Amino acid sequence: MTEKRVSLHGMWSSRLVFILAATGSAVGLGNIWKFPYITGLNGGGAFVLVYLICIAIIGIPIMMAEVLLGRRGRRSPINTMMELAREAGSSPRWSWLGWVGVVAGILIMSYYSVIAGWAVAYVLDAADGAFVGFDGDSAGAHFGAMVSNPGTLAFWHAIFTILTVLVVARGVRSGLEQAVKVLMPALFLLLALLMGYAVNTGYFADGLHFLFDPDFSKLTPEGVLTALGHAFFTLSLGMGAIMVYGSYMPKKTSISKTIFTVAIMDTLVALMAGMVIFPIVFANGLQPASGPGLVFVSLPIAFGEMSGGLLFGTLFFVLVVFAAWTSAISLIEPAVAFLVENRGMRRTTAAVLIGAFCWVLGLVTVMSFSSWSFSFEFAGATKTDGMFDVLDILTSTFMLPLGGMAIAIFAGWIMQRADTVDELGVGEGAGYRVWYTLVRYVSPFAVGILILNSLHLLPT
Ligand code: PFF
């Protein structure tokens, strides 16, 4: 098939650029901040195993489907879904999938940039030598003092939002390629170096045991759902982010090979972060289940102690900010692409508008870490962390998996089979059939069962 549609927003210049951009979107706070703390909260090994299975049999096939839809539609997710539904002789109401994605992206961005703001603040603290001499208590107190100050959080949240808007306003391609080319290798290198430190704590084996030795008695139904949701979150799936990146992908590029590369890199970064953090946690008597502060409390202890900690600590948090930045860009791109396409807005205006909206919404998260926490029931337990948790559960546990399920149903049941064969470009051999079976039967069914199974966990 020849190139039928062209993207209004330009195209990635090569396969490598797509891989870098998609990896930039996938690797972010989800890998370095969220994966370790939810693993800690859910008891380790068994949770990690479920997460890895979800990546392999649900995440990767749906990621291919999402990129495939994006590349075929070549427009913002809302318009792509409408167009492809029409092409398949189905209802244009499929565009609601794009809408849900836009809303999910905005909701995630609102808290994502608050957490990224913590990392920005920690860059300065690390450079300032604030971590020197930290033990578990002082590192905890330092973190506690930061998050309980709404002014500071709102300020760094604003800085990070502005950084994101700046890139999105120029178009996601410019700058992204160079940044990610240097960044990803640097992040791997630094994580490898920190792993060296973790080995030296004497608790490396404990860390590995916690991460990779499954104890199924610690796995709850809530944990399984969290693992599923995190597979979507970490791969940037189910809300149109990867679809919009797919829409800028050249026709000749192989979807399956590139997606495998991205998913493997993403998983490696998360596992490496876990292997760095848990030995430090155990060596310093910290609680694995201490929640969203885990990384921000454990790593500063290590940086305060190691030689060259000032440099490595600063560099590490700079890289975390960059990783978050390249993800945040893709969180608001679907909304911005829509405003440009459908409202004829200039890119800059659209990016500023969405950025400002996300910043205001983010104040809810800012406040939830200080004065606004309240109690609510989830999964039979009383939680007191507040709105941040509500937003996180709503988006990553429900919106992204449901969005992903709809994408799988569309690719597996609505689209013409011949069109999917044509887009995937691997012929109709065994590889294609495995993928087709997974998106047509396995993924939607698995997500459906898990969600249905957990409806009783919802706050009542
Ligand atoms: N994948 C990103 C991370 O792991 O930090 C977060 C994310 C980006 C989620 C883009 C969803 C998304 F559309």
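In this chain, numbering begins with 1 at the start of the sequence shown. We count ligands from 1, going down the list as the structure has it; atoms in each ligand are counted the same way. Predicted model, so just to flag it, every value in this text is computed and none were measured.
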Per-atom filter on ligand 1: closer than 4.0 angstrom to a heavy atom of A26 are 1 (N), 2 (C), 3 (C), 4 (O)
Note: ligand 1 atoms sitting under 4.0 Å from heavy atoms of Y112 are 2 (C), 3 (C), 5 (O), 6 (C)
Under 6.0 Å between the ring centres of W413 and Y441?
yes
Exercise. Is there a donor-acceptor contact under 3.5 Å from the side chain of R5 to the main chain of R72?
Worked result: yes
Does F233, backbone or side chain, put an N or O under 3.5 Å from an N or O of ligand 1? yes
Spell out, as yes or no, whether a donor-acceptor pair under 3.5 Å connects the side chain of R75 to the backbone of E83.
no
**Request:** With the side chain counted from C-beta on, respond yes when V168 and R347 share a heavy-atom pair under 4.5 Å apart, and no when they do not.
**Result:** yes
If you scan protein heavy atoms around atom 2 (C) of ligand 1, the nearest is S25 O, 3.3 Å
* Asked: Less than 4.5 Å apart, any side-chain heavy atom of Y122 and any of L299?
  -> no
for atom 8 (C) of ligand 1, nearest protein heavy atom and its distance come out as S236 OG, 3.3 Å
| query | Are any of the N or O atoms of G30 closer than 3.5 Å to those of ligand 1? | reply | yes
* Asked: Can you find an N/O atom of L29 closer than 3.5 Å to an N/O atom of ligand 1?
  -> yes
Q: Answer with yes or no whether S330 contacts ligand 1, where contact means a heavy atom under 4.0 Å from a ligand atom.
A: yes
Atom 12 (C) of ligand 1 has as its nearest protein heavy atom L331 CD2, 3.4 Å
Kindly say whether the aromatic ring centers of Y197 and F312 come within a distance under 6.0 Å.
no
Spell out, as yes or no, whether a donor-acceptor pair under 3.5 Å connects the side chain of S236 to the backbone of S25. yes
